Asks: 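Submitted below is the structure of interest, expressed as C-alpha cells.
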Amino acid sequence: MAANLIKKGVEHLKSKDFRDYLMSTHFWGPVANWGIPIAAIADTQKHPQFISGKMTLALCLYSMMFMRFAWKVQPQNLLLFACHFTNEAAQLTQGVRFVNYNYLGGKEEDEKKE
C-alpha cells in the first residue's frame, strides 16, 4: 500500500501539470513572498523597542486581504494562503509585543533595569 502511494507521488512529480505549476506565478509568487513572514519571525527575537506599530498593523491588514484573495482565486492558491497565514501570526505576535512594551509597562521595566 505504501509503495503504491509512493509510486503515485513520484508519477505526480513527473507529470506535465506539476512541471507547469512549478513554472507559474501561482508557485513563484508565494515562494518569493515567504521573505516577509521569515523576516517577521526573525524579528520576534529583537528588542520590542524596535517594533513599528503602524507597520505591524499595515502588514496584518495586508496579510488578511491576501489570505482572502488566495482563498477566493480559482484555482485556490494554498501556498500563498499559508504564507500570509504565517505572516499574520508573526505580525500579531509582534503587535502583542508592541502593545506590552509601549502601553502595558514594558518600557518602564526596561528603564528601571538601567
Side-chain angles (χ1 to χ4, degrees):
M1 176 129 169
N4 191 26
L5 187 62
I6 292 171
K7 185 178 177 183
K8 283 185 178 183
V10 170
E11 286 174 13
H12 177 69
L13 292 175
K14 291 180 178 180
S15 72
K16 182 174 178 354
D17 286 341
F18 185 73
R19 286 192 313 270
D20 288 345
Y21 172 68
L22 286 180
M23 297 301 141
S24 71
T25 56
H26 216 67
F27 175 76
W28 286 107
V31 167
N33 215 17
W34 271 98
I36 297 169
I38 290 169
I41 292 167
D43 285 348
T44 63
Q45 303 304 308
K46 295 180 181 174
H47 196 280
Q49 75 184 33
F50 299 113
I51 299 171
S52 166
K54 291 178 182 178
M55 182 56 81
T56 300
L57 177 63
L59 286 168
C60 280
L61 295 173
Y62 162 80
S63 280
M64 280 192 282
M65 288 188 304
F66 270 93
M67 277 193 298
R68 183 180 185 284
F69 169 79
W71 191 258
K72 293 287 187 179
V73 70
Q74 292 299 319
Q76 287 181 333
N77 193 333
L78 298 180
L79 186 57
L80 183 64
F81 183 88
C83 173
H84 285 289
F85 182 84
T86 303
N87 189 48
E88 186 70 25
Q91 295 303 332
L92 289 172
T93 300
Q94 289 293 78
V96 168
R97 292 179 69 224
F98 176 81
V99 169
N100 284 339
Y101 183 76
N102 289 292
Y103 300 107
L104 300 177
K107 189 183 283 189
E108 288 79 21
E109 286 180 26
D110 261 4
E111 291 170 355
K112 287 179 187 176
K113 289 178 186 176
E114 292 176 0

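Remember, it's a predicted structure, so these values are computed and weren't measured experimentally.
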Asks: About how many Å separate CZ of Arg19 and NZ of Lys14, when rounded to the nearest 0.5 Å?
Replies: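 Atom-to-atom, Lys14:NZ and Arg19:CZ are 10.5 Å apart.
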Asks: To the closest 0.5 Å, what do you measure between CE (Met67) and NZ (Lys72)?
Replies: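 Spacing of CE (Met67) from NZ (Lys72) equals 13.5 Å.
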Asks: Would a hydrophobic clustering, with Ile, Leu, Val, Met, Phe, Trp and Tyr connected at side-chain separations under 4.5 Å, put Met64 with Leu59?
Replies: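 No, no single cluster joins them.
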Asks: Taking atom CZ of Arg97 and atom NZ of Lys46, what is their separation to the nearest 0.5 Å?
Replies: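 If we round to the nearest 0.5 Å, Arg97:CZ and Lys46:NZ are 10.5 Å apart.
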Asks: Indicate, with yes or no, if Val99 and Leu61 share a hydrophobic cluster defined by side-chain heavy-atom contacts under 4.5 Å among Ile, Leu, Val, Met, Phe, Trp and Tyr.
Replies: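 Leu61 does not cluster with Val99.
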Asks: Linking I/L/V/M/F/W/Y whenever any side-chain heavy atoms sit under 4.5 Å apart, do Tyr62 and Met55 land together?
Replies: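 As far as the 4.5 Å side-chain criterion goes, Met55 and Tyr62 are connected within one cluster.
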Asks: For the backbone of Gly29 and the side chain of Asn33, can you confirm whether one donor and one acceptor N or O come within less than 3.5 Å of each other?
Replies: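 Not at all, since once roles are kept as given, no pair shorter than 3.5 Å links the two residues.
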Asks: Report yes if some heavy atom in the side chain of Asn87 is under 4.5 Å from a heavy atom in the side chain of Phe66; otherwise report no.
Replies: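 Counting from C-beta outward, Asn87 and Phe66 never come under 4.5 Å.
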Asks: Would you call the rings of Phe85 and Phe81 parallel, tilted or perpendicular if under 30° counts as parallel and over 60° as perpendicular?
Replies: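 Correct class here is parallel.
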Asks: Measuring from Trp34:CH2 to Ile41:CD1, what's the distance to the nearest 0.5 Å?
Replies: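 Separation between the atoms: 7.0 Å.
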Asks: Say whether Trp71 and Phe27 are linked into one hydrophobic cluster, either directly or through other cluster members, by side-chain heavy-atom distances under 4.5 angstrom.
Replies: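 Not linked; separate clusters.
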Asks: Once you round to the nearest 0.5 Å, how far does CZ of Phe98 lie from NZ of Lys54?
Replies: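 Here the interatomic distance stands at 9.5 Å.
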Asks: Out of curiosity, Gln91 CD to Ile51 CD1, how far, rounded to the nearest 0.5 Å?
Replies: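 So the CD of Gln91 and the CD1 of Ile51 are separated by 9.5 Å.
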Asks: Given the rule in the side-chain contact (heavy atoms from CB on, under 4.5 Å) test, do Phe69 and Asn77 qualify, once you have shown the distances and angles that lead to the verdict?
Replies: CA-CA 9 Å; Phe69 169 79; Asn77 193 333; over 6 Å; no
Asks: What is the minimum heavy-atom distance between Pro37 and Cys83, and which atoms define it?
Replies: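 For Pro37 and Cys83, the tightest heavy-atom pair comes out as CG-O, 3.7 Å.
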